Number of protein chains: 2
Amino acid sequence: MDRRQKRTREAIFQAFTGLLSEKSFEKITVGEILERADVGRATFYAHFETKDFLLKELCEELFCHIFDSVSKPEIQHRHIFTCEEGDSVFLHLLKHLKNNDNNILKLLVGQNNELFLQYFKKGLLRLIKSQLSLFEERKSTILPEDFWINHIASTFVETVRWWVDHGMKESPETVAEYFSLAV
Amino acid sequence: MDRRQKRTREAIFQAFTGLLSEKSFEKITVGEILERADVGRATFYAHFETKDFLLKELCEELFCHIFDSVSKPEIQHRHIFTCEEGDSVFLHLLKHLKNNDNNILKLLVGQNNELFLQYFKKGLLRLIKSQLSLFEERKSTILPEDFWINHIASTFVETVRWWVDHGMKESPETVAEYFSLAV
DNA sequence: GATATTATTGAACACTGTATTCGGTATCGA
DNA sequence: TCGATACCGAATACAGTGTTCAATAATATC
């Protein structure tokens, strides 16, 4: 990939995430992105078909990064809720989020976070399904599987939303504890 | 209120909800609403400041209706999860939703439902808070109150979302059972 | 039933934002 | 150095929003 292309793409992402932490997606104009990224209009459209595609690609990049971090061999065999020999998968994710890479948390909060939460949940569903064998909970036998998986993932997302909405006062360990009690 | 005003307002709501069940809010143009409602452009803006205000007023009208139905004296003293002497509050809401008043379920599903779910959740939070004294669950003593209330409401919303997304095959009674087991 | 009031119409308008085009310029890889 | 290609920027077509106003129609009230 050409250096110019990388620089332009990165500048656009940078400007876009900055704007997203200030205002909702709908209110951001391509013009603002161009100005902040210092990029020509035609250049923008050479990289991204539309503003919506930009958002989509950003989401994919961010969550790919997040979920890659729990797909490492030494982590992925661990239980989602609890783990004796290190952080559970959920705790690992929480810590990762707390690092606030790429301002991802700013994007997960706010009014216009539906798309981000959607990507987050999609990744979680995949994660949970892939580790289904690790679950031996009572609920998995009583409730329909898809309801139950969906419930875990939703509670996961809502717990994070609650955490961030309240200023992330609690430690990742405390939130992980709340989650395992709630679910 | 003038008959003409009522007729116009109703026609706009009708056209709008119809369009909302077909496409997302952002993709609906005022022009489409006008055409379907058979109403002049100036008339529309005499009734609603903007397209966003229209959505807001529709939400308020719909959910006001829904939550009024569980605020009746004979219902509101009942427990949210279980009730010996009739339907629980949740079961009552599920039955009400199943009746599909005003196509509200079509609006709760689909891609662009975040605003509806937000209103739904807001109503639920108020409902749960107002009946806090009825809860004597173990979780309420272990978990922080706001986390716990938020968890109940979120699970409520996500359960309904799951139900609707899967075609509402289950009876309201079954879904109410799933909910009380999950939460 | 006559009349004053008020809602509605429809067309024209300014405005903002999207997405495309294209000739010229700067930067890159080899 | 040179050919390729990414970028610039200005112009442009286009779609949607929200406003205005004089003419018209429906309504409430007396």
Side-chain angles (χ1 to χ4, degrees), chain A residues 1-61 107 110-116 118, chain B residues 1-61 107 110-116 118:
Chain A
M1 201 179 195
D2 199 308
R3 269 184 231 155
R4 291 169 292 181
Q5 284 191 60
K6 263 196 282 186
R7 192 228 139 242
T8 300
R9 193 180 162 87
E10 203 42 56
I12 290 174
F13 272 144
Q14 199 71 35
F16 185 50
T17 51
L19 285 163
L20 269 173
S21 69
E22 292 166 19
K23 53 170 82 177
S24 70
F25 174 70
E26 275 79 19
K27 283 180 182 160
I28 294 171
T29 67
V30 176
E32 288 175 302
I33 301 172
L34 302 181
E35 191 184 2
R36 195 173 288 209
D38 194 27
V39 150
R41 189 164 206 87
T43 308
F44 177 89
Y45 285 104
H47 280 263
F48 304 99
E49 206 169 328
T50 68
K51 212 178 71 177
D52 296 82
F53 275 78
L54 167 59
L55 180 61
K56 194 161 174 285
E57 291 201 25
L58 177 67
C59 284
E60 268 160 17
E61 199 156 293
L107 306 181
Q111 275 79 51
N112 216 274
N113 50 8
E114 181 60 4
L115 196 77
F116 293 102
Q118 210 173 294
Chain B
M1 200 178 195
D2 199 308
R3 266 186 236 153
R4 290 170 290 179
Q5 286 190 58
K6 263 196 284 188
R7 190 229 139 240
T8 300
R9 192 180 163 86
E10 204 42 56
I12 290 174
F13 272 143
Q14 200 71 33
F16 185 50
T17 51
L19 284 164
L20 268 173
S21 69
E22 293 167 16
K23 53 169 84 177
S24 71
F25 175 69
E26 277 78 18
K27 283 180 183 162
I28 295 171
T29 67
V30 176
E32 286 174 305
I33 301 171
L34 304 180
E35 191 186 2
R36 194 174 290 206
D38 195 25
V39 152
R41 188 166 206 83
T43 309
F44 177 89
Y45 285 104
H47 280 262
F48 304 98
E49 206 168 328
T50 67
K51 213 178 70 177
D52 296 82
F53 276 77
L54 168 60
L55 181 60
K56 192 161 175 285
E57 291 200 25
L58 176 67
C59 284
E60 265 158 20
E61 199 155 293
L107 306 182
Q111 274 79 52
N112 217 273
N113 50 7
E114 182 59 4
L115 197 78
F116 291 102
Q118 211 173 294

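Owing to the predicted nature of the structure, the values given are computational and were not obtained by experimental measurement. Per chain, numbering begins at 1; letters A, B, ... match sequence-line order.
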**Report entry** Spacing of A:D38 atom CG relative to C:dA26 atom P, expressed in whole Å
**Finding:** 15 Å
**Report entry** Pairs meeting criterion side-chain hydrogen bond (donor to acceptor under 3.5 Å, both in side chains) with involvement of residues 1-16 of chain B, two or more places apart
**Finding:** B:D2-B:R4, B:R9-B:E57
Query - Residue B:K56 excluded, over 12 heavy atoms near NZ under 6.0 Å - result: no
Query - Nearest-Å distance for atom pair CG/C1', residues A:L54 and C:dT18 - result: 14 Å
Query - Atom pair CG (B:L19) and NZ (B:K27), whose distance is rounded to the nearest 0.5 Å - result: 13.5 Å
Query raised in the report: So, is A:T43 near the phosphate of D:dA6, with a side-chain N or O under 4.0 Å from OP1 or OP2?
Result: no
Query raised in the report: Does a side-chain N or O from A:T8 land closer than 4.0 Å to OP1 or OP2 of D:dC7, or not?
Result: yes
Query raised in the report: Do any side-chain nitrogens or oxygens of A:H47 fall under 4.0 Å of OP1 or OP2 in D:dA6?
Result: no
Query - Student check: side-chain heavy atoms of B:L55 and B:F48 closer than 4.5 Å - result: no
Report task. Decide if atom CD of A:E35 counts as having more than 12 heavy atoms of other residues, nucleotides or ligands within a radius under 6.0 Å. Result -> no
Report summary line: Atom CD of B:E32 and atom P of D:dA15 are separated, to the nearest Å, by 13 Å
Query raised in the report: To the nearest Å, how far apart are B:I33 CD1 and D:dG16 P?
Result: 12 Å
Query raised in the report: How close do B:G40 and B:L34 get, heavy atom to heavy atom, and via which atoms?
Result: O-CD2, 3.8 Å
Requested in this report: For A:K23 and C:dG17, give me the distance from atom NZ to atom C1', rounded to whole Å.
Outcome: 13 Å
Report task. Give the angle between the helix axes at the two ends of the helix from C:dG1-D:dC30 to C:dA30-D:dT1, taking five base pairs at each end and rounding to 10°. Result -> 40°
**Report entry** Integer-rounded Å distance: C:dG17 P and A:F25 CZ
**Finding:** 14 Å
Query raised in the report: What is the minimum heavy-atom distance between A:A15 and A:R36, and which atoms define it?
Result: CB-CB, 3.8 Å
Query raised in the report: Can you check the A:Q5 CD to C:dA26 P distance for me, whole Å?
Result: 20 Å
Query raised in the report: Could you run down nucleotides 18-26 of chain D 5' to 3' and tag each one B, S or - for protein heavy-atom contact under 4.0 Å?
Result: BBBB---BB
Query raised in the report: Between B:Y45 and B:F53, does the ring centre distance come in under 6.0 Å?
Result: no
Requested in this report: Might you point out which heavy atoms bring A:S21 and A:G18 nearest each other, and give the distance in Å?
Outcome: OG-O, 2.7 Å
Requested in this report: Send over the distance from B:E10 CD to C:dT8 P, rounded to a whole Å.
Outcome: 13 Å
